[in-house]
Amino acid sequence: MRVDFYQLTSDPAEQVLPLIAQRTLAAGERLLVVSGDSAQLARAGDALWTRLPDSFLANGHAADPHAARQPIVLSSTPDPVNGARFMALADGVWREGAFDRVFYLFPPGRIDDARGCWRMLGTREGVERRYWRQEQGKWKEGP
């Protein structure tokens, strides 16, 4: 499993998610977006439809009747009803699940949680960790 840690310093998660979702779909994958904050999920859903000027990213909620058909599903739990193998944790809270790739987005207020998660995942076999930070509006990989 690959886990990408995204430290959000300029943009909230719901503004970053469309870029992640667009790349996920371009790779032929489906995405599960998880947050315990229903208002954040609503904002994320809106951003997926409208954030990128040249496209909209179809999405639905896990409780919707046709959620299994959606390329992107918004949920409060890490249950991929759409068969997603990629998961974005939008609220900065780590959740376990059987995914090939996880995007762990966290704001500055959750830096200690992210550090603890980084250390915990470092003890697991088969986990590749990467860290991303925002610099002048661009994402840079690094320590």
Side-chain angles (χ1 to χ4, degrees), residues 1-122 124 127-143:
M1 169 174 64
R2 176 174 160 177
V3 181
D4 292 280
F5 286 73
Y6 283 84
Q7 183 174 1
L8 305 170
T9 54
S10 302
D11 300 318
E14 48 272 21
Q15 294 300 307
V16 175
L17 284 168
L19 300 172
I20 290 171
Q22 185 178 50
R23 290 187 180 131
T24 296
L25 298 179
E29 297 291 340
R30 289 174 169 235
L31 181 66
L32 176 67
V33 177
V34 179
S35 175
D37 180 348
S38 60
Q40 183 184 40
L41 286 177
R43 290 190 306 272
D46 290 344
L48 288 165
W49 285 107
T50 62
R51 171 88 160 83
L52 302 177
D54 57 341
S55 67
F56 64 89
L57 300 163
N59 66 87
H61 290 272
D64 292 347
H66 302 291
R69 295 185 200 168
Q70 294 290 345
I72 303 166
V73 168
L74 309 170
S75 179
S76 61
T77 65
D79 179 22
V81 297
N82 65 340
R85 296 185 338 198
F86 286 23
M87 175 173 66
L89 299 170
D91 60 2
V93 176
W94 177 257
R95 293 167 181 86
E96 296 292 332
F99 294 90
D100 293 342
R101 190 164 181 188
V102 176
F103 304 96
Y104 179 54
L105 291 79
F106 62 96
R110 290 210 175 258
I111 189 85
D112 290 338
D113 296 334
R115 286 179 178 148
C117 186
W118 179 275
R119 285 190 298 272
M120 179 265 303
L121 291 172
R124 294 188 182 178
V127 175
E128 176 188 354
R129 302 167 296 164
R130 294 192 182 176
Y131 170 78
W132 301 89
R133 67 184 183 282
Q134 287 178 299
E135 282 186 9
Q136 300 173 346
K138 295 185 180 185
W139 288 100
K140 304 240 179 186
E141 186 175 6

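Since the model is a prediction, treat every value here as computed from it, not as a measurement.
You'll find the ring centres of W132 and F5 outside the 6.0 Å limit. A ring-centre distance under 6.0 Å is found for Y6 and W139.
A distance-only check finds no donor-acceptor pair linking the side chain of D4 to the backbone of F103 [under 3.5 Å]. In this structure, R43 contributes its side chain and E14 its backbone to no donor-acceptor pair below 3.5 Å. One N or O on the side chain of N59 and one on the backbone of L57 form a donor-acceptor pair closer than 3.5 Å. Side-chain atoms of R95 come within 3.5 Å of backbone N or O of V93 as a donor-acceptor pair.
Minimum interatomic distance between Y104 and G92 (heavy atoms only, all atoms of both residues): OH-O, 3.0 Å. Closest approach of S75 and L41 over heavy atoms only: O-CD1, 3.6 Å.
Judged purely by distance below 3.5 Å, without hydrogens or angles, the side chains of Q7 and Y131 pair a donor atom with an acceptor atom.
Under a 4.0 Å N-O distance rule, the pair R2/D100 does not qualify as a salt bridge.
In this structure the side chain of M87 reaches within 4.5 angstrom of the side chain of P78, judged on heavy atoms. Residues L8 and V16 form a side-chain contact, since some pair of their non-hydrogen atoms from C-beta on lies under 4.5 Å apart. With a 4.5 Å cut-off on side-chain heavy atoms, D91 and F106 do not count as touching.
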Taking only distance into account, with no hydrogens and no angle test, what donor-acceptor pairs under 3.5 Å do side-chain atoms of residues 27-35 form with protein atoms, sequence neighbours excluded?
| residue | atom | partner | partner atom | Å |
| --- | --- | --- | --- | --- |
| E29 | OE1 | R85 | NE | 3.4 |
| E29 | OE2 | R85 | NH2 | 2.7 |
| R30 | NH1 | A68 | O | 2.9 |
| R30 | NH1 | Q70 | O | 3.0 |
| R30 | NH1 | N82 | O | 3.3 |
| S35 | OG | D37 | N | 3.1 |
| S35 | OG | Q40 | OE1 | 2.5 |

Return a table of donor-acceptor pairs under 3.5 angstrom between the side chains of residues 17-25 and protein atoms on other chains or two or more places apart.
| residue | atom | partner | partner atom | Å |
| --- | --- | --- | --- | --- |
| T24 | OG1 | I20 | O | 2.8 |

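The distance from the NZ atom of K140 to the NZ atom of K138 is 7.0 Å, given to the nearest 0.5 Å. Interatomic distance, CZ of R124 versus CZ of R129, reported as 11.5 Å (0.5 Å rounding). Going from atom CG of D112 over to atom SG of C117 covers 12.5 Å, rounded to the nearest 0.5 Å. The line from OG of S10 to CD of E135 is 10.0 Å long, rounded to the nearest 0.5 Å.
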Chi angles and distances behind the side chain to side chain contact (heavy atoms under 4.5 Å, CB included) call for L89, W94: CA-CA 7 Å; L89 299 170; W94 177 257; 3.6 Å; yes
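The ring pair (Phe, Tyr, Trp, His ring centres under 6.0 Å) analysis of residues 56-85, with sequence neighbours excluded, yields the pairs W49-F56.
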